[in-house]
There are 2 protein chains.
Amino acid sequence: MTTTPNTPAHAAHSERLRRLRLRVTPQRLFVLEALDALGGHVTAEAIMRWTARHYPAINLATIYRTLDLLVSVGLVAQTDLGGGAATFELVGDVPHHHLVCERCGTVTELDDALLAALREQVLRSYGFRAHSRHIALFGICRGCLAAEAPALLDRDTHHEHTR
Amino acid sequence: MTTTPNTPAHAAHSERLRRLRLRVTPQRLFVLEALDALGGHVTAEAIMRWTARHYPAINLATIYRTLDLLVSVGLVAQTDLGGGAATFELVGDVPHHHLVCERCGTVTELDDALLAALREQVLRSYGFRAHSRHIALFGICRGCLAAEAPALLDRDTHHEHTR
DNA sequence: ATCGCTGCAAAAGTTTTGCAGTCGC
DNA sequence: GCGACTGCAAAACTTTTGCAGCGAT
């Protein structure tokens with residue numbers, strides 16, 4: 001019944017869990033698989049849907065508990081993009097951050113190198129050690145900037161595409 | 001019945017609303033007053049409680065709708081600090097950002113000057129115009145760094161003081 | 001065999017929405 | 001008076017939690 005996933009990444013995930021002395025369960029493997037397959041910026045709900053295709057008995061509460069665990073041991077990063085559901089991504093790739101467009105909701109990844117100087121200064125000035133992940137900058141992306149350039153003084157565009 | 005607030009800032013808030021061609025209602029004035037009185041990083045719930053002391057009939061839904069409006073016209077900034085309820089603050093003070101400690105939950109304000117260079121570079125490299133507010137960096141604050149400095153290899157400190 | 005993990009169901013917490021009445025302009 | 005705004009109540013969503021049973025080690 002406990003059908004474990006069977007992909008190349010599978011063994012690596014098992015290994016990582018084992019090395020952290022965490023129990024290797026199909027649910028955890030499937031969550032890691034889903035994060036792999038879906039890429040970054042994945043909601044718990046999305047992981048749920050993806051996993052359910054291979055393991056229908058999976059439960060959302062388990063997804064949350066698993067993500068919580070994986071975040072706490074540093075295998076997964078929780079990224080908050082300003083509303084709705086939180087998103088998650090595997091740690092291990094190149095560190096990066098997020099540019100969140102408040103018009104169209106697009107999330108662009110921002111190389112960590114650009115933030116290195118800032119992090120260092122924040123550490124010096126505030127004694128605050130910022131992550132090399134997790135940072136989100138909100139603003140307007142290139143596409144929306146171009147599209148909205150002419151319209152500068154229009155109010156009443158309130159409840160449009162927010163998120 | 002419609003007791004309007006009576007503080008020095010009151011007139012200024014009325015004026016700002018009027019200038020934006022928005023209706024001046026006691027609810028809106030009270031929300032602005034609350035943001036003034038409570039300072040930054042205020043949740044809708046907190047605004048609700050503060051306002052209710054002077055205007056018991058206020059409704060949470062109204063608070064949300066009002067905040068939504070004020071954010072959309074730029075009078076208020078919505079700051080997301082990674083979970084629970086969103087927080088709000090008046091725009092108009094010196095632009096600043098937020099250092100969110102993931103251990104103790106403390107939010108420190110970060111001067112905008114430190115981010116100017118980053119914003120400029122993001123604009124050049126990505127065509128992305130970031131706000132001069134709203135940015136949140138997650139990490140560990142000075143106090144918690146000091147406290148946790150000795151403990152480096154302890155796992156199982158999972159579900160402690162998170163938020 | 002043990003102890004942690006999971007499924008289920010229910011609760012908690014935040015935010016949104018429909019509708020009817022009210023009030024600012 | 002008109003149309004926007006508000007209160008109330010209910011719904012929609014995301015996330016957490018208690019408990020009993022199951023399963024990884």
Sugar-phosphate or base contact per nucleotide [nucleotides 7-13 of chain C; S, B, -; heavy atom under 4.0 Å]: BBB----
Residues B:D111 and B:H96: side-chain donor-acceptor under 3.5 angstrom: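 There is no such pair (donor and acceptor under 3.5 Å, judged by atom type) between the side chains of B:D111 and B:H96.
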Side chains of B:E33 and B:H54, donor plus acceptor under 3.5 Å: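 The answer is no; no qualifying pair exists.
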Closest-nucleotide 5' rank along DNA chain D - winner of B:T66 and B:R23: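 Its nearest nucleotide lies further toward 5', so the answer is B:R23.
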Spatial distance of atom CZ (A:R28) from atom CG (A:L67) [nearest 0.5 Å]: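 Going from CZ on A:R28 over to CG on A:L67, the span is 11.5 Å.
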Residue-phosphate contact under 4.0 Å: A:Y64 side-chain N/O, D:dT16 OP1/OP2: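 No, A:Y64 has no side-chain N/O under 4.0 Å of OP1/OP2 on D:dT16.
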Distance below 4.0 Å between B:T25 side-chain N/O and D:dT6 OP1 or OP2: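 Yes, within the criterion.
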To the nearest Å, how far apart are [X] [atom1] and [N] [atom2]?
{"X": "A:E45", "N": "D:dC13", "atom1": "CD", "atom2": "P", "answer": "10 Å"}
{"X": "B:D68", "N": "D:dA4", "atom1": "CG", "atom2": "C1'", "answer": "15 Å"}
{"X": "B:L67", "N": "D:dC5", "atom1": "CG", "atom2": "C1'", "answer": "15 Å"}
{"X": "B:R21", "N": "C:dG24", "atom1": "CZ", "atom2": "C1'", "answer": "16 Å"}

Cluster link B:V24 to B:V76, ILVMFWY, side chain under 4.5 Å: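 Per the 4.5 Å side-chain linkage, B:V24 and B:V76 are co-clustered.
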hydrophobic_cluster_shared for B:L123 and B:L118, side chain cutoff 4.5 Å: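 No; B:L123 is not reachable from B:L118 via cluster members.
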With B:L17, the side-chain contact (heavy atoms from CB on, under 4.5 Å) member among B:T25, B:L70, B:L69: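 Considering B:T25, B:L70, B:L69, a side-chain contact (heavy atoms from CB on, under 4.5 Å) with B:L17 is found only for B:L70.
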Estimated bend of the helix from C:dA1-D:dT25 to C:dC25-D:dG1 (axis per five terminal pairs, rounded to 10 degrees):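 About 40°, once rounded to a multiple of 10°.
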B:R129 atom CZ, neighbour heavy-atom count above 12 within 6.0 Å: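 Counting other residues, nucleotides and ligands, CZ of B:R129 stays at 12 neighbours or fewer.
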List the atom pairs, with distances to 0.1 Å, where a side-chain N or O of residues 36-43 of chain B and a protein N or O form a donor-acceptor pair under 3.5 Å, not counting sequence neighbours.
unit_1	atom_1	unit_2	atom_2	d
B:D36	OD2	B:H13	NE2	3.2
B:H41	NE2	B:H98	NE2	3.0
B:T43	OG1	B:A46	N	3.0

